[in-house]
Structure formats: structure tokens, C-alpha cells
Amino acid sequence: MPDGVATMTFGADPPVDLEVTSLSTLPAPRGGYPVLLVDRATVGQEVLVRAVPQLWVRGDPAPIRAAVDAAGLRVASFSVADDRHASTFYQPVTYTFAYLSALSLLTATVAMVGFLLYLESRLRVLRRGYVMLRLMGLRSAVQGWLLLAEFAGSLVAGCAAGLGLAVTAAVAVRDQLNVDPAAPPGTVLSFPWPVMAGLLTAVGCFAVVVAVVTHWRLTRSRTSEVLRDID
């Protein structure tokens, strides 16, 4: 069916003029038959009786099935998107990204442990600086805020820079991520902004906890012992 104005006579009394926009593929085809999406208000009951209604639901299939049974809906069959993608060339792509997610989590854990080890190695220097600043009249609370600004600033800025580079790289290579360029639509790239915000929040909370614990350990330092250690 070509694009443009077409007159629909089947099931329409009187005939209805429709603006047709054809696509190479549409969702929910059944048995290879062509799919026509049309406003139900423009067609008659004869077409609606022959139509096959579908429910598209996002979520866990098990609770959805239970809700459908509880509502008494006469559903002939269920189709799960993950099952339809099984044994296709799309499935290995999901495995690849799952592996990369696990690798990223491992990298983040190693980075946090490395940061804690580095901080532990610098604790003696921090104690000396804390005691000297206290002798010069600096309040303990100010030292705590300085630690928080140093840790949170560096960690959150580093995480934000890494996420920015990841977004830039994804945009730059988005056309190469399409496993089937010949099939529409094009590359669908959806950035997980809530996940990114959650990562930044988690890094910020980690920095706050580390700063509070480090400040607490510094406040327990004895001036005489630290000065004797400097000598």
C-alpha cells in the first residue's frame, strides 16, 4: 500500500479516507500477515469483531499471568519477549553487556579497596598534618570538612568524568552497535540516566563514610605521640 490518502471500504460504512504511512516493519505481526494500525473510532463494528486484540505488558511474566487469571480475561496465548529472542543472534549481545556490567562492578570494587589501602598508607602523614594544624589553631570540624571536600570532590569528579567518557564513546560508536543494520529501526540508544545518578550517589556516600571514619581516627591521635614520631 503506497503512502498518501487511501479510501477504506472494508468495515467502514460510509467509506473512510485515511492518511497512510507505510513502514517496512511493524510490531506484533501475526503469521506474516500485514499489520494495519488505525484509530478504532474510524472503523465499523465489522472490523472490530475481526480484529485480534493484544495486551502489551512490561514486567515479570509470572505476576502478569496471575493478574490476567484473576481478572478473568480470555487470553488465548502468552508471548514473552525474552523467549522470542532465544537462540537468535540478538541473544549473544545481551550476554556481552551482562559480562561488561559484572566486569565494571569488579573494577569498582578493586578501585574502592585500592583507595582505602592508599588512604591507610597516608594515615601517618595525615595525623602529622592534623596535629600541626590543631596546634596552629585550626578547629577539628574544619579539618573534617576539608577531608570531606578532598575525598568527595576527587571521587565524584572522577566518576562523573568516567560516565561522561562512556556516554561520549557510546554516541560515537552507536552505529557500530547495530547487529542488523538492514532491519529497522536504526540504532536505539537509551542511556540509563537513573543508574548513572545512582552511581554518583553511591560514590558520594562512600566518600562521606570514608571521610567521617578518617576524621574520627585523626581526632583520636595524641599530640605527644605524633610529635615524638616526627622527631
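All residue numbers refer to positions in the sequence shown, counting from 1. No experiment lies behind these values; they were computed from the predicted model shown.
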Checklist outcome for this item: Residue pairs meeting salt bridge (Lys or Arg N to Asp or Glu O under 4.0 Å), one or both in residues 102-120, sequence neighbours left out, come to E120-R217
Item to check | Heavy-atom closest contact (V80 atom, P61 atom, distance) | outcome: CG1-CG, 4.0 Å
Item to check | Contacts of type ring-ring contact (aromatic ring centres under 6.0 Å, His included), residue F78, not counting sequence neighbours | outcome: none
Checklist entry - With a 4.5 Å heavy-atom cut-off, do F191 and L163 have their side chains touching? => result no
Checklist entry - Honestly curious: do L146 and V209 fall in one hydrophobic cluster under the side-chain, below-4.5 Å linking rule? => result no
Checklist outcome for this item: Interatomic distance, CD@E150 vs CG@L155, rounded to 0.5 Å, equals 9.5 Å
Item to check | Any side-chain heavy-atom pair of L147 and L218 under 4.5 Å | outcome: yes
Checklist entry - Between T21 and D3, do the side chains contain an N or O donor and an N or O acceptor separated by less than 3.5 Å? => result no
Next on the checklist: Under 4.5 Å between side-chain heavy atoms, counting indirect links through other Ile/Leu/Val/Met/Phe/Trp/Tyr residues: same cluster for F206 and V113 or not?
Outcome noted: no
Checklist entry - Roughly how far, to the nearest 0.5 Å, is the OG1 atom of T201 from the CE atom of M196? => result 13.5 Å
Item to check | Shared hydrophobic cluster, V142 / V212 (ILVMFWY, side-chain heavy atoms < 4.5 Å) | outcome: no
Next on the checklist: Treating T214 as the side-chain partner and A211 as the backbone partner, does any N or O pair qualify as donor plus acceptor under 3.5 Å?
Outcome noted: no
Next on the checklist: Hydrophobic clustering (ILVMFWY, side-chain heavy atoms < 4.5 Å, transitive) - are V75 and W56 grouped together?
Outcome noted: no
Item to check | Value rounded to 0.5 Å, distance of OG1 in T107 from CE in M112 | outcome: 11.0 Å
Item to check | Heavy-atom neighbours of L55 CG exceed 12 at 6.0 Å | outcome: no
Next on the checklist: Tell me the closest heavy-atom pair linking C159 and L200, and the distance in Å.
Outcome noted: SG-CD2, 3.7 Å
Checklist outcome for this item: Closest non-hydrogen contact found for L148 with A207 is CD1-O, 4.4 Å
Item to check | Shared hydrophobic cluster for F151 and W145 (ILVMFWY, side-chain gaps under 4.5 Å) | outcome: no
